[in-house]
Amino acid sequence: MKKLSILLAAAILTLTAAGCGNNNNNNNTGSEATNKPAESANATTEATTTPKKNVTIKVFQFKVEIADALNRMAEQYEKETGVKVEVETHGGGEDYNALLKAEIASGSEPEIFNSEGNAALEAYYDRATDLSGEGWAKDVIPAAAAPAQVDGKLLGMPMNIEGYGIFYNKDLFEKAGITTLPKTLTELEAAAKQLDAAGITPFSTTNEWWSIGHHTINVALAEQTDPLAFINGTKDGSANFKDNDVFKKWINYVDVVFKYSQKDKLTTDYATQVANFASGKTAMIQQGNWIQGDVDKVAKLNVGLLPIPIDDSGNAHIYTGPANFWIVNSKSKNAEEAKAFLNWMVTSDTGKSYLTKEFKFIPALTSIKPTADEIGQMGVAVSEQAATAGGWLWGHYPDGVPQGWGAAMQEYQGGSIDKDQLLDKLEKAIQDIVSK
């Protein structure tokens with residue numbers, strides 16, 4: 001199978017471009033943090049040393065989609081090295097960041113944990129080991145590394161590259177007689193009406209705060225003329241959501257999704273949302289290529305990817321970025337073994353096979369070149385549109401803001417607040433955290 005060199009090159013170009021707006025705090029410009037990045041005793045070494053035998057490292061991670069495969073990978077690593085890897089997964093409807101902070105506060109220090117970059121990483125500067133001297137670091141796509149780069153240090157290994165938009169079931173579109181793919185918001189609603197008339201539920205959505213919260217709100221952030229200027233303005237009070245033309249258009253997209261989604265959306269969790277789409281109960285889903293593995297467990301769907309339109313300009317996009325980072329905890333007594341595990345993950349044939357074939361990841365390292373069969377239709381679709389994709393912006397807000405957004409979106413989804421109240425609450429979620 002042909003390698004995805006051209007497609008991944010497009011992804012690299014996109015992420016590099018996104019880095020100009022989405023990830024430009026490489027030197028922590030404007031950071032309010034007082035923590036400093038942890039020093040690494042061997043940050044300049046070319047490769048991680050051979051791991052010791054008879055030790056256990058704990059991985060505290062949030063990606064529920066890879067939990068089973070990651071456990072199998074850990075078992076394989078133990079067979080090869082003698083080092084036991086215990087994986088604890090918290091994601092989906094759980095508040096991973098709150099659980100991680102509670103884990104650390106309890107005195108339990110996982111050797112490896114996940115964190116987003118930018119503002120989200122600031123809380124862990126005193127624990128994040130500098131990985132810039134690791135052998136694999138030279139192969140990381142620059143813009144994928146950027147959210148975890150501070151003062152010249154690379155404080156995490158990017159998990160992968162991900163993208164989201166509206167995945168659609170091609171067979172259900174054909175069944176409903178949709179022959180032209182929607183490119184505008186008016187066309188998207190017309191397609192939804194056509195699906196509904198054919199007895200097909202148009203959208204599968206969820207009440208999960210992170211999905212209807214920061215993923216959906218990111219659409220409007222990324223479509224700003226100058227995303228970072230707008231974000232900084234919402235923090236210092238010089239800009240707001242309610243008076244912003246992009247957000248006024250964006251809410252119309254939200255209304256279309258909520259109006260034409262399944263009846264029990266207020267009680268639909270993430271797993272059920274994906275299962276509804278995978279089983280053919282719904283025709284569209286706003287999610288990312290990370291759902292490929294879960295969809296494949298149910299059916300081999302014939303899917304495509306639509307950009308997300310917020311108006312009728314025809315200038316719609318998908319959104320890409322580094323999903324998260326593997327952070328090596330400098331306060332762990334087994335930090336060297338943790339680095340060795342990450343090194344094995346991205347350099348050994350076994351590890352690389354898990355990343356592409358089992359996790360369905362689009363790698364963030366140029367040294368890992370997957371095939372289309374390995375990353376699936378969704379990964380290929382994201383790669384094909386990567387060159388014109390928007391970035392991921394929610395990471396420029398501190399922890400607590402996206403959760404507040406999610407809560408407000410849940411209220412709006414349930415009909416207890418109107419559009420103006422929603423936009424006020426989105427703004428208040430920022431000020432409640434930033435002004436402290």
Side-chain angles (χ1 to χ4, degrees), residues 38-91 96 99-100 103-104 106-115 124 127-140 148 154-160 293 323-361 363-365 367-370 374:
E39 297 294 334
S40 174
N42 67 338
T44 59
T45 58
E46 189 64 26
T48 306
T49 55
T50 303
K52 294 181 290 187
K53 303 285 185 178
N54 301 318
V55 299
T56 298
I57 60 176
K58 182 176 180 179
V59 178
F60 197 91
Q61 73 99 26
F62 89 111
K63 217 157 182 39
V64 294
E65 300 91 353
I66 68 168
D68 292 340
L70 184 56
N71 279 312
R72 294 195 301 272
M73 175 195 270
E75 292 172 1
Q76 186 63 38
Y77 185 70
E78 183 177 6
K79 290 179 183 178
E80 294 187 18
T81 66
V83 175
K84 183 175 179 60
V85 179
E86 292 182 349
V87 179
E88 186 170 338
T89 299
H90 295 281
Y96 170 84
L99 291 169
L100 174 59
E103 179 82 0
I104 292 173
S106 72
S108 176
E109 295 278 355
E111 277 71 22
I112 298 172
F113 58 88
N114 292 154
S115 175
Y124 306 110
R127 284 177 167 78
T129 301
D130 179 16
L131 302 176
S132 56
E134 297 299 299
W136 49 262
K138 66 182 184 301
D139 298 320
V140 177
L154 178 62
L155 301 186
M157 173 194 283
M159 260 190 168
N160 61 337
N324 224 286
F325 292 86
W326 299 109
I327 310 299
V328 173
N329 189 350
S330 63
K331 296 188 180 297
S332 163
K333 63 181 179 180
N334 294 319
E336 291 304 313
E337 284 67 42
K339 288 194 287 185
F341 174 62
L342 293 184
N343 181 66
W344 175 88
M345 183 188 295
V346 297
T347 61
S348 72
D349 289 341
T350 302
K352 290 189 289 186
S353 178
Y354 268 95
L355 289 177
T356 57
K357 294 181 181 179
E358 302 292 330
F359 297 176
K360 302 295 183 183
F361 278 178
L365 277 66
S367 54
I368 305 174
K369 303 184 187 302
E374 288 172 336

I would like to know whether F62 and N324 meet side-chain contact (heavy atoms from CB on, under 4.5 Å); could you show each step before the answer?
-> CA-CA 9 Å; F62 89 111; N324 224 286; 3.3 Å; yes

If you measure from CG on N329 to CG on N334, what distance do you get to the nearest 0.5 Å?
-> 10.5 Å

If you measure from OH on Y124 to CG on L155, what distance do you get to the nearest 0.5 Å?
-> 13.5 Å

Spacing of N71 atom CG and E88 atom CD [to the nearest 0.5 Å] | 11.0 Å

Side chain to side chain, F113 and E103, heavy atoms closer than 4.5 Å | no

For V85 against V59, the heavy-atom pair lying closest together = CG1-CG2, 3.7 Å

Smallest heavy-atom separation, I368 atom then V346 atom, equals CD1-O, 3.8 Å

W326 vs N114, side-chain contact (heavy atoms from CB on, under 4.5 Å): CA-CA, chis, key distance, verdict | CA-CA 5 Å; W326 299 109; N114 292 154; 3.2 Å; yes

What one should report as the nearest heavy-atom pair of N160 and A323 is OD1-CB, 3.0 Å

In short, Q61 meets Y96 closest at the heavy-atom pair C-CE1, 3.5 Å

Results of ring pair (Phe, Tyr, Trp, His ring centres under 6.0 Å) for W344 - residues two or more places apart only = Y77

Across all chains, not counting sequence neighbours, the ring pair (Phe, Tyr, Trp, His ring centres under 6.0 Å) partners of F325 are none

Gap separating the OG1 atom of T89 from the CG atom of L99, nearest 0.5 angstrom | 12.0 Å

Please name the pair of heavy atoms, one in M345 and one in L355, separated by the smallest distance, quoted to 0.1 Å.
-> O-CD1, 3.5 Å

Between CD on residue E86 and NZ on residue K58, distance to nearest 0.5 Å = 7.5 Å

Test item: S332 side-chain N/O and V328 main-chain N/O as donor-acceptor pair under 3.5 Å = no

So V83 and F341, side-chain contact (heavy atoms from CB on, under 4.5 Å) or not? Walk me through it.
-> CA-CA 9 Å; V83 175; F341 174 62; over 6 Å; no

CA sep, side-chain torsions, deciding dist, call: E111, E337, side-chain contact (heavy atoms from CB on, under 4.5 Å) = CA-CA 8 Å; E111 277 71 22; E337 284 67 42; over 6 Å; no

Closest non-hydrogen contact found for G156 with A148 is N-CB, 4.0 Å

With sequence neighbours excluded, what pairs up with E358 under the side chain to side chain contact (heavy atoms under 4.5 Å, CB included) test?
-> A69, R72, Y354

Gap separating the CE atom of M157 from the CG atom of L365, nearest 0.5 angstrom | 6.5 Å

Salt bridge between R127 and E109, side-chain N to carboxylate O under 4.0 Å?
-> yes

